[in-house]
Amino acid sequence: MKNDWLFPHCYRRIGWLLFFPSACLGLVDTYGEYLPWLRANLTWLYALPSPSFLDGDLIDEVAALGIIAGLLLVAFARERTEDEMIRQLRLVALQWSVYINYGLLALAIVLLYDIAFFHVMIYNMFTILLVFIGRFRWSLRRLGQEEKQLA
């Protein structure tokens with residue numbers, strides 16, 4: 001059965017190329033005050049013009065959009081051989097990622113307040129895709145090892 005909702009296989013590499021620089025940029029923007037030497041070298045980023053209706057810089061928005069786009073391309077790129085077993089592994093990985101994502105969110109609601117909760121909510125935007133990618137890749141690796149043992 002053909003699945004038309006997946007990106008071509010080559011988009012996975014593009015996704016990683018979007019994700020890593022965007023994640024680094026987001027981390028520098030968030031924790032840059034703890035790394036003044038690094039932030040000082042990236043002052044040109046903070047001098048980029050932003051639309052007049054926005055207050056401040058656009059670095060965090062660009063970083064978040066890059067992370068989301070990159071993770072979506074990685075997570076939903078077609079495998080070289082896309083069959084029913086791979087589709088089942090995708091479904092199970094997606095279920096796991098939703099459960100873990102909302103479990104972490106529930107813990108954060110109960111245990112954290114103020115700015116700590118805000119930081120958890122920022123990372124929670126990306127957790128579902130990160131857990132999905134991790135679980136799906138782990139399942140594929142395990143399936144490949146089982147196939148090698150049977151052969």
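The residues of the chain are indexed from 1 along the displayed sequence.
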Could you check whether any side-chain heavy atom of [X] comes within less than 4.5 Å of a side-chain heavy atom of [Y], counting everything from C-beta outward?
X	Y	result
Met121	Leu105	yes
Leu140	Ile86	yes
Phe132	Val98	no
Val74	Tyr11	no
Ile67	Leu71	yes

[atom1]/[X] to [atom2]/[Y] distance, rounded to the nearest 0.5 angstrom?
X	Y	atom1	atom2	answer
Arg78	His9	CZ	NE2	11.0 Å
Lys148	Leu143	NZ	CG	11.5 Å
Ile122	Thr127	CD1	OG1	11.5 Å

Using every non-hydrogen atom in the two residues, find where [X] and [Y] come nearest and quote the distance to one decimal.
X	Y	value
Gly66	Ser22	CA-OG, 3.3 Å
Pro8	Ala77	O-CB, 3.7 Å
Ala69	Leu18	CB-CD1, 4.1 Å

Shared hydrophobic cluster for [X] and [Y] (ILVMFWY, side-chain gaps under 4.5 Å):
X	Y	value
Phe126	Phe118	yes
Ile68	Phe20	yes
Ile115	Phe117	yes
Trp138	Leu94	no
Ile109	Ile128	yes

How about [atom1] on [X], more than 12 heavy atoms from neighbouring residues, nucleotides or ligands closer than 6.0 Å, or not?
X	atom1	value
Asp83	CG	yes
Arg137	CZ	yes
Met125	CE	yes
Tyr99	OH	no

Return yes if some donor-acceptor pair links the side-chain N/O of Arg90 with the main-chain N/O of Ala75 below 3.5 Å, else return no. yes

Which Ile, Leu, Val, Met, Phe, Trp or Tyr residues join Leu104 in one cluster when any pair of side-chain heavy atoms under 4.5 Å counts as a link?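 Members alongside Leu104: Val92, Trp96, Ile100, Val131.
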
Describe, in one word, how the ring planes of Phe19 and Trp16 are oriented to each other, choosing from parallel (under 30°), tilted (30 to 60°) and perpendicular (over 60°).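 Perpendicular, since the angle between the ring planes exceeds 60°.
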
Under the rule for salt bridge (charged side-chain N to carboxylate O under 4.0 Å, His left out), what residues qualify as partners of Arg12, not counting sequence neighbours?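 Only Glu79 meet the salt bridge (charged side-chain N to carboxylate O under 4.0 Å, His left out) criterion with Arg12.
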
